[in-house]
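Single-structure report; data block below.
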Amino acid sequence: MAKLKTIYACTACGAQSPKWLGQCGDCGAWGTVQEETLIRSVATQATDVSVVSINEVDSMEVDRQTTGVPGFDRVLGGGLVPGSLVLIGGEPGIGKSTLLTEVAGRIAAAGGTALYLSGEESPRQVKLRAARIGALGAGFLVGGTTSLEECIQAMTSSAPDIVIVDSIQTLSSQTIDSAAGSVSQVRGCAAALQAAVKGSDTVLVLVGHVTKEGSIAGPKVLEHLVDTVVTFEGDGFGALRTLRAAKNRFGSVNEISVFSMGEKGLTEVENPSQALLAERQTDAPGSAVFAAIEGSRALLLEVQALVAPNYTNNPRRTVSGLDFNRAMLVLGVMEKRCGFRLGSYDVFINVVGGVQIREPGADLALFLAVASSLKDVAVPADLVAFGEIGLTGEIRSVGDSQRRLAEAARMGFKRAAVSQNVKSGQAVSGIKAGGLRDV
Ligand code: TYD
Ligand code: MG
């Protein structure tokens with residue numbers, strides 16, 4: 001039996017509410033709540049579930065399958081786990097289809113079967129891309145459809161090692177009475193696809209577009225359902241893109257790989273620090289280098305700030321690549337503890353390469369970049385910084401100092417501005433770490 005019900009759901013985060021709201025009560029986004037009709041199956045009978053002692057549960061032996069793209073494998077924690085569900089999110093044009101075409105080609109080349117179901121492009125367009133990046137192969141199966149039922153049929157008849165659905169937002173099911181891309185469709189289709197591969201070793205990879213406008217349901221509404229969420233980030237203009245696991249039931253999160261998009265698809269960047277710092281102007285004010293830790297790797301990132309006079313009563317604050325509130329906290333500390341007067345200035349903050357920094361260790365580099373721009377004095381070219389800034393202006397140490405220092409030394413930096421709590425035992429030859437107590 002099915003029951004119809006009208007609900008309101010946010011396309012940005014998937015939160016539901018019984019009435020329409022201008023602003024989502026959960027994620028705070030404006031104008032993303034849409035009316036949807038939900039068809040609920042009513043369970044009539046309870047079924048038994050067998051319960052066993054935890055000692056008797058079979059331990060899962062994870063035998064990972066390589067994707068053929070080492071940078072992707074690393075982010076996944078060593079490859080694809082058979083039977084798992086992976087979601088790849090990113091803005092349109094970032095390279096999701098390119099990456100997955102390459103994966104399908106490599107799996108086919110290794111003798112496997114990859115099924116690429118595209119609702120966005122025709123099989124011909126998929127072939128064109130595959131030919132361009134050298135990913136053609138007999139085991140690379142393509143289907144162009146936007147129907148969930150057709151996808152499931154194709155999956156059952158070809159029994160592939162991997163199914164790629166590009167994108168989940170273009171799919172719709174006849175049994176769900178709302179538009180493709182709505183929260184109910186996206187969730188319903190993903191759940192049905194998952195059910196279709198359940199119990200088999202087939203890996204299901206879903207592509208999810210992230211849109212700023214929130215007109216289609218974003219990957220956030222699927223995060224709870226999938227095993228792994230991989231995000232593709234970049235600044236939209238440059239060739240560099242970073243791939244990162246935001247959730248991983250089978251490995252660590254935040255492991256990143258850096259790729260560059262070229263004529264023949266994506267190539268992994270062997271030395272990301274060098275690539276990300278390549279265009280840095282060492283003598284220009286407003287630039288500081290942060291030694292970051294992303295997953296198991298240390299990475300040098302350029303934090304830029306532009307502090308420009310503002311002649312209105314509304315100074316602007318624009319932040320990209322860093323958490324907005326975190327950046328405001330650093331500006332607040334600068335005002336209050338150091339006497340910097342930022343009230344009549346616009347402040348623009350950016351992390352080069354479109355990398356999103358999630359750790360508070362970037363505070364000190366941000367501080368240096370803003371101070372440098374305000375005072376019009378360049379930060380010394382051979383200086384890196386890492387450390388968290390507390391509300392009282394103290395500089396707190398962050399983890400993995402040694403690896404950060406080692407990466408900085410490898411890239412030719414001679415000095416590091418760090419917290420005084422960084423132990424001398426963590427010293428690295430070739431770089432002098434100056435311990436700072438407060439701002
Ligand atoms: P695409 O993978 O289609 O992005 P998404 O699926 O995330 O929307 O590719 C994005 C861009 O990359 C597109 O503008 C074309 C460009 N591109 C290259 O520069 N080189 C290539 O070899 C390919 C296949 C695409
Ligand atoms: Mg695409």
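Ligands are counted one by one from 1 in listed order, and the atoms in each one are counted from 1 as well. Counting from 1, the numbers follow the sequence of the chain as shown.
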Quick check on contacts: which atoms of ligand 1 are under 4.0 angstrom from a heavy atom of G262? 18 (C), 19 (O), 20 (N), 21 (C), 22 (O)
Students should be able to answer this: which protein heavy-atom is nearest to atom 6 (O) of ligand 1, and at what distance? S97 OG, 2.7 Å
Heavy-atom distance under 4.5 Å between the side chains of Q304 and V351, does that happen here? no
So, are R358 and D323 salt-bridged, with charged N and O less than 4.0 Å apart? no
Is the closest protein non-hydrogen atom to atom 13 (C) of ligand 1 under 4.0 Å? no
Residue pair L300 / L276, side-chain heavy-atom distance below 4.5 Å: no
With the threshold set at 4.0 Å, does a side-chain nitrogen-carboxylate oxygen contact exist between R410 and E407? yes
Kindly determine whether D382 and K414 satisfy salt bridge (charged side-chain N to carboxylate O under 4.0 Å, His left out), including the steps that lead there. CA-CA 5 Å; D382 61 353; K414 298 275 179 277; over 6 Å; no
T98 N/O/S atom closer than 2.8 Å to the Mg ion (ligand 2): no
Have a look at ligand 1 and work out which part of R132, if any, has a heavy atom under 4.0 Å from it: side chain, backbone, both or neither. side chain
Drop me the distance from N310's CG to D346's CG, to the nearest 0.5 angstrom. 4.0 Å
Considering non-hydrogen atoms of the protein only, which is the closest contact for atom 22 (O) of ligand 1, and what is the distance? G265 N, 2.7 Å
At under 4.0 Å between heavy atoms, is it the side chain or the backbone of V207 that contacts ligand 1, or both, or neither? neither
Atom 1 (P) of ligand 1 [closest protein heavy-atom partner, distance rounded to 0.1 Å]: T98 OG1, 3.5 Å
In terms of heavy-atom contacts, C151 and L193 come closest through CB-CD2, 4.2 Å
Is the closest heavy atom of P92 to ligand 1 under 4.0 Å? yes
Exactly one candidate in R74, R244, R241, E294 meets side-chain hydrogen bond (donor to acceptor under 3.5 Å, both in side chains) with S257; the answer is R74
For atom 8 (O) of ligand 1, closest protein heavy-atom neighbour: G93 N, 2.7 Å
Show your working on salt bridge (charged side-chain N to carboxylate O under 4.0 Å, His left out) between E359 and R404 and close with a plain yes or no. CA-CA 13 Å; E359 50 165 340; R404 294 177 204 258; 3.0 Å; yes
One residue to check: M261. Relative to ligand 1, which of side chain, backbone, both or neither has a non-hydrogen atom less than 4.0 Å away? side chain
Do me a favour and list the nearest non-hydrogen protein atom to atom 4 (O) of ligand 1 with residue, atom name and distance? G95 N, 3.1 Å
Should R241 be counted as touching ligand 1, given the test is an N or O pair under 3.5 Å? no
Contact with ligand 1 for A239, non-hydrogen, under 4.0 angstrom: no
Ligand-residue contact atoms, ligand 1 with R129, heavy atoms, under 4.0 Å: 3 (O), 24 (C)
Are a donor atom and an acceptor atom from the side chains of R280 and S287 found within less than 3.5 Å of each other? yes
